[in-house]
Amino acid sequence: MTHTLVGWALAETGLKHRTRKGLAACVLAANLPDIDVFFGWVPWAPLAMHRGFTHGLVGGVLLLPPFLALLLWLLDRWQRARGKIAKDALPMRFGWLLALCWLGAISHPLLDLQNVYAVQLLSPASERWFHSDGLFIVSPWVLVFLGIGIWRSRKRSAGRPAILALAATVLFVLANVAISALAWRAPLLEVPHVQPDRIFASPEPFAFWRRDMVWRADGAITQGSFDPLVSMTRVSEYGEPVADNMNVPVVRRAAIATPEVRDFLAWSQMPMASIARKGCAVTVIFGDARFSTPVTAGGFQESVRLQDC
């Protein structure tokens, strides 16, 4: 929904009047990188990975937009040949159509970059995940900004409300990235001797200034929270470190036992494992510390059963 509203708001700034199919170009391009959800079965890992190749600067930003522009151009020619284009319709300007597809497409990874799910911006050259922790995965504040801007622009037939809505969204994101930067630093100042190798600070959906935090240091996961209204330099509270168990021998065996687990661990950025033994049978459940709450954990787990005697 957020990607659609961003593309729609871009179109309502006046860009949709630059060419026929301008609105479609902005909205479809803003959603285009998510085409990877249909390719989880392919043998090429960068394409099979959600938020991989199609979300990167090469696949999602450089290569896919011309393909979409070509499809929209061919659709327009087909409609025109059958008399489906109104006589007073805008002219088709392929240069503008391509530019709008590029603009909509680049908005997608920039938006996905803002949440802890992260994005592989350099795929396929690199599997590194990037995140700035600037937004909850579906921010109600951004939906309100963009929704009001689009509604006002359409009601007034003017681009200014949409421009203001996009500007408000950008400022909101930048402010939240700054808060997250404070949150990333807080454990270093508050928690004795901790040097995290990974740290995430997820904004809450409504109290956007607060952060649900998780970090990994020395093979242990710690959950915490940060509230700049309480302190701008200290973690509000944090729990005891919990071993991630990823170096336990039976877990290392389980990590390569099935294709599903291998794919899960390729995606997971903060993997952890629980071990349940019953005689010689061992069940290893893999999860991701970013999504370890009771509400989210079930959708981000893979399990393996092994014999270990």
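Computed from a predicted structure; not experimentally measured.
Within the 4.5 Å cutoff, the side chain of N176 has no heavy atoms near those of the Q114 side chain. Looking at heavy atoms from C-beta onward, D34 lies in side-chain contact with H55 at the 4.5 angstrom threshold. Between P203 and W209 the shortest side-chain heavy-atom distance does not fall below 4.5 Å. Two residues are said to be in side-chain contact when any heavy atoms from C-beta on lie closer than 4.5 Å; L97 and M92 meet this criterion. D197 has its side chain out of reach of W215: every pair of non-hydrogen atoms, C-beta onward, lies at least 4.5 Å apart. The shortest side-chain heavy-atom distance between P109 and V61 falls under the 4.5 Å cut-off. Considering only heavy atoms from C-beta on, L71 comes within 4.5 Å of F67 through its side chain. No side-chain heavy atom of F226 sits under 4.5 Å from any side-chain heavy atom of R210.
Without hydrogens or angle criteria, S139 side chain to L135 main chain gives no donor-acceptor distance under 3.5 Å. The backbone N or O of R18 lies less than 3.5 Å from a partner atom in the side chain of R93, making a donor-acceptor pair. Judged by distance alone, with hydrogens and angles left aside, the side-chain atoms of S153 form no donor-acceptor pair with the main-chain N or O of I150 at under 3.5 Å. Between the side chain of D244 and the backbone N or O of A220, no donor-acceptor pair lies under 3.5 Å. When atom types are taken as modelled, the side chain of R80 and the backbone of I85 share no donor-acceptor pair closer than 3.5 angstrom. Side chain of R290 to main chain of V116: a donor-acceptor pair is present (N/O by atom type, distance under 3.5 Å, no hydrogens or angles).
One distance of note links CD1 of I285 with OG of S303; it measures 6.0 Å at 0.5 Å rounding. E12 CD to R152 CZ: the interatomic distance, rounded to the nearest 0.5 Å, is 13.5 Å. R216 contributes atom CZ, which lies 14.5 Å from atom CD of Q195 (distance to the nearest 0.5 angstrom). Between the CG atom of L28 and the CD1 atom of I35 there is a distance of 10.5 Å, given to the nearest 0.5 Å.
Between the side chains of D112 and H131, no donor N or O sits under 3.5 Å from an acceptor N or O. Side-chain polar atoms of R51 and Q120 form no donor-acceptor pair below 3.5 angstrom. For the residue pair S202 / N115, no side-chain donor-acceptor distance below 3.5 Å is found, with atom types taken as modelled. Side-chain contact check for S180 and D133: no donor-acceptor pair (N or O, by modelled atom type) lies under 3.5 Å. Side-chain N/O atoms of H3 and N31 include no donor and acceptor closer than 3.5 Å.
Hydrophobic clustering of Ile, Leu, Val, Met, Phe, Trp and Tyr side chains at less than 4.5 Å, counting indirect connections, unites V138 with L166. Placement of L146 and L164 in two distinct hydrophobic clusters is found when ILVMFWY residues are connected by side-chain heavy-atom separations under 4.5 Å, directly or transitively.
With ring centers used as reference points, F208 lies under 6.0 Å from F172. If you look at W141 and F206, their ring centroids are not closer than 6.0 Å.
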N/O donor-acceptor pairs under 3.5 Å from side chains in residues 246-256, not counting sequence neighbours:
from, atom 1, to, atom 2, distance (Å)
R253, NH1, D308, OD1, 3.4
R253, NH2, Q307, O, 3.2

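Only one option out of W129, F136, F200, W267 pairs with Y117 in a ring-ring contact (aromatic ring centres under 6.0 Å, His included); it is W267.
With sequence neighbours excluded, no residue forms a side chain to side chain contact (heavy atoms under 4.5 Å, CB included) with A178.
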